[in-house]
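So the structure is just underneath, and the comments pick up after that.
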Amino acid sequence: MASCLGLYIEENIIKYAKVSKDNDVIKIDSFGIKFYDKINEAIEQVIAETYSYKTPISINTTNENYNYFYVFNLLNKKDMQNYIKTEFESLCYEKEQNVDVFDTRYVLVNDLEDKEKIKAIHISINKGELSRRTDLLDKYKLTAASPLALNISNLLEVSKEEGGENIAIVNIENKTTVTTIIGQSIYDVYTIEAGTKDILEKIDAKENSYAKAYEICKNSTIYTSEGRELQYEENAYLDDIMPTLYTIVGQVKKILNDSLNKIDKIYISGTASVINNIDIYFQEYLEDVKCEILRPYFIRIVGTEINIKDYIEVNSAIALALQGLGEGLKGTNFKKESMTDKLPAWMTKEVGGKSGKPSNPLFDKVDLKMDFKDALSTAEKALIRGVTGVLLLMITYGAFATVLTNQIRSKVDETATAKQKLQTQVVAVMADKTKLDEKTNEYDMLVKSLEEKSQQASENKRLKDAIPTLLNKIMYVIPVNVQLKSITNTGTKITIVAQSDKYEQLGIFVAKLSQDGILLNVVSDTSQKTNEVVTVTIEGELP
């Protein structure tokens, strides 16, 4: 039975899951979360608790960058590899970056917009950061270091999704990644800087405990539109949670709107997925897309005492463990094989017993005993042995020299043929590049036009919902004795006419609009009093 320990390592927190696989049966042997101040000690504790001293370990990489290159599908594997390498080098040159500081991998998928091309999802990681991450496990059997955004889909049986749904996985860890799966293949990866780190650090500043901040987050409930009559005082930490979630759901909505492929379902995973009602919160904002919490497809909890929520909070570690067991995308492992990893099994065995002979099976049956008859004298035996040895040496040398010479000639011929072929392909590539540049210019113009239309549509929708949203915010801050006579908007500029029988109440209302960030650049004109009623005009801009 194969097993692997998945370690998802972030600042202040480690999620771990030891997963075993027997044929098609997958089982989670142990899992948990550990908060740490000293990461090496925390890793040692996890290894000891899961007894994984000799178990293969799979970890996540950090701060990886994603780029996309498009190549013609008629190119062979080597030419495709060279083209992608050249494109990345050009990109580094444009950004004034040293290409040698990056370690890279890429995954190929069919380009849905142009059937003649293949899309390369290119991943690059700073070699120094990668080395610091892998060095944490140098005493153990580290076998895989992969980007989580490309591995989180291991928790889904994508090939069995009914109707071939297009899926997006929103994994909210310290940062948030959005992985889109189109046509049963990973197609795009987006990174959103906002994540649970922003939430936990705010709560940690109040409680002085990262572990307690996590528990508070886990026990928090988001009040949806159906439960807005509940008071916010029931959870004083929602003010630390909701702004980050609002930013994330807004970015996700923008990604969906900008995508040329319709997303049918969204799965939510990561640390933030333990917040109660987060799937309902996403559903309210993303009305046309079904939203639910991501649950590992092989988990069966009937008849067990383990809450499914306990598994879900270590989704990232489970996905990494499955990658270490050979599931998911191939070719995304940034852990380089050592010399020991590359040696055949028999070469890593210990050498010799008491006799000092190697225990290698290649030598076990070799009998070096030579039997000579006594009729020959000692001098004759020595002479015969010497001559035989020289002849064997000459024959061996001659044979080796002949074979080597033939191989050199063969390689020279192969090199000349390959060089000629390469020159022909270079000419073809240059012609293709000219066509590609023309198509790229045309595509850039189309993209620019589409972006302008998308921005205009988004702005129109935002302005359309501006007044209802503004009224919802004003409802919580308007003093009792203040009445609104009218609210008008011209673009982002808002004009409010309010009245009250007390100057102070109007002053409080104006201050609240500014201090709570409901309006920006708030100004009010000189109030007018008629029949004991004071009227004031307030102007400001939408945030």
Over all heavy atoms of both residues, which pair between [X] and [Y] is shortest? Give the atoms and the distance, please.
X    : Y    : value
I57  : L142 : O-CD1, 3.4 Å
A194 : T176 : O-OG1, 2.7 Å
T179 : A149 : OG1-O, 2.8 Å
L436 : Y83  : CD2-OH, 3.1 Å
E64  : L148 : OE2-N, 4.2 Å
D240 : K206 : OD2-NZ, 2.8 Å

Would a 4.5 Å heavy-atom cut-off, applied to side chains only, mark [X] and [Y] as touching?
X    : Y    : value
I84  : L108 : yes
I275 : C217 : yes
V19  : I26  : yes
V109 : I186 : no
L294 : I312 : no
L322 : N151 : no
V189 : I123 : no

For [Y], is the NZ or CZ atom of [X] found under 6.0 angstrom from the centre of its six-membered ring and inside 45 degrees of the ring axis?
X    : Y    : value
K127 : F102 : no
K119 : Y68  : yes
R295 : Y311 : no

Validation: residues 4-11 side-chain donor-acceptor distances under 3.5 Å, sequence neighbours left out:
from	atom 1	to	atom 2	distance (Å)
Y8	OH	E10	OE2	2.5
E10	OE1	N174	ND2	3.3
E11	OE1	K197	NZ	3.1

Has [X] got more than 12 heavy atoms of other residues, nucleotides or ligands less than 6.0 Å from its [atom1]?
X    : atom1 : value
D138 : CG    : yes
M445 : CE    : no
F35  : CZ    : yes
Y246 : OH    : no
K202 : NZ    : yes

Determine yes or no for a side-chain-to-main-chain donor-acceptor pair under 3.5 angstrom, with [X] supplying the side chain and [Y] the backbone.
X    : Y    : value
S514 : V522 : no
S259 : I255 : no
T134 : S131 : yes
N333 : A145 : yes
N63  : N126 : no
N277 : I222 : yes
S58  : L320 : yes

Is [Y] paired with [X] through a side-chain N to carboxylate O contact shorter than 4.0 Å?
X    : Y    : value
E193 : K175 : yes
K433 : D437 : yes
D135 : R133 : no

Is there a donor-acceptor contact under 3.5 Å linking the side chains of [X] and [Y]?
X    : Y    : result
Q323 : N154 : yes
E173 : S316 : yes
D79  : N76  : yes
Y187 : D111 : yes
T271 : K15  : yes

Open item on the list: Ring centroids only, cut at 6.0 angstrom: are Y214 and Y210 within range, meaning strictly under it?
Closed with: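 Centroid separation for Y214 and Y210: 6.0 Å or greater.
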TODO: Please confirm whether F88 and H122 have ring centers closer than 6.0 angstrom.
DONE: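 Between F88 and H122, the centre distance is under 6.0 Å.
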Open item on the list: Please determine whether side chain to side chain donor-acceptor pair (under 3.5 Å) holds for the pair N315 and S269, giving the CA-CA distance in whole Å, both sets of side-chain angles, and the decisive distance to 0.1 Å.
Closed with: CA-CA 7 Å; N315 268 351; S269 183; 3.1 Å; yes
- [ ] Sort out for me which residue in T221, V249, L245 forms a side-chain contact (heavy atoms from CB on, under 4.5 Å) with I278.
- [x]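 Per the side-chain contact (heavy atoms from CB on, under 4.5 Å) rule, the option paired with I278 is L245, out of T221, V249, L245.
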Task: Gap separating the CG atom of D198 from the CD1 atom of I241, nearest 0.5 angstrom - done: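 The CG atom of D198 sits 12.5 Å away from the CD1 atom of I241.
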Open item on the list: How long is the straight-line distance from CD of E165 back to NZ of K290, given to the nearest 0.5 Å?
Closed with: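 Going from NZ on K290 over to CD on E165, the span is 7.5 Å.
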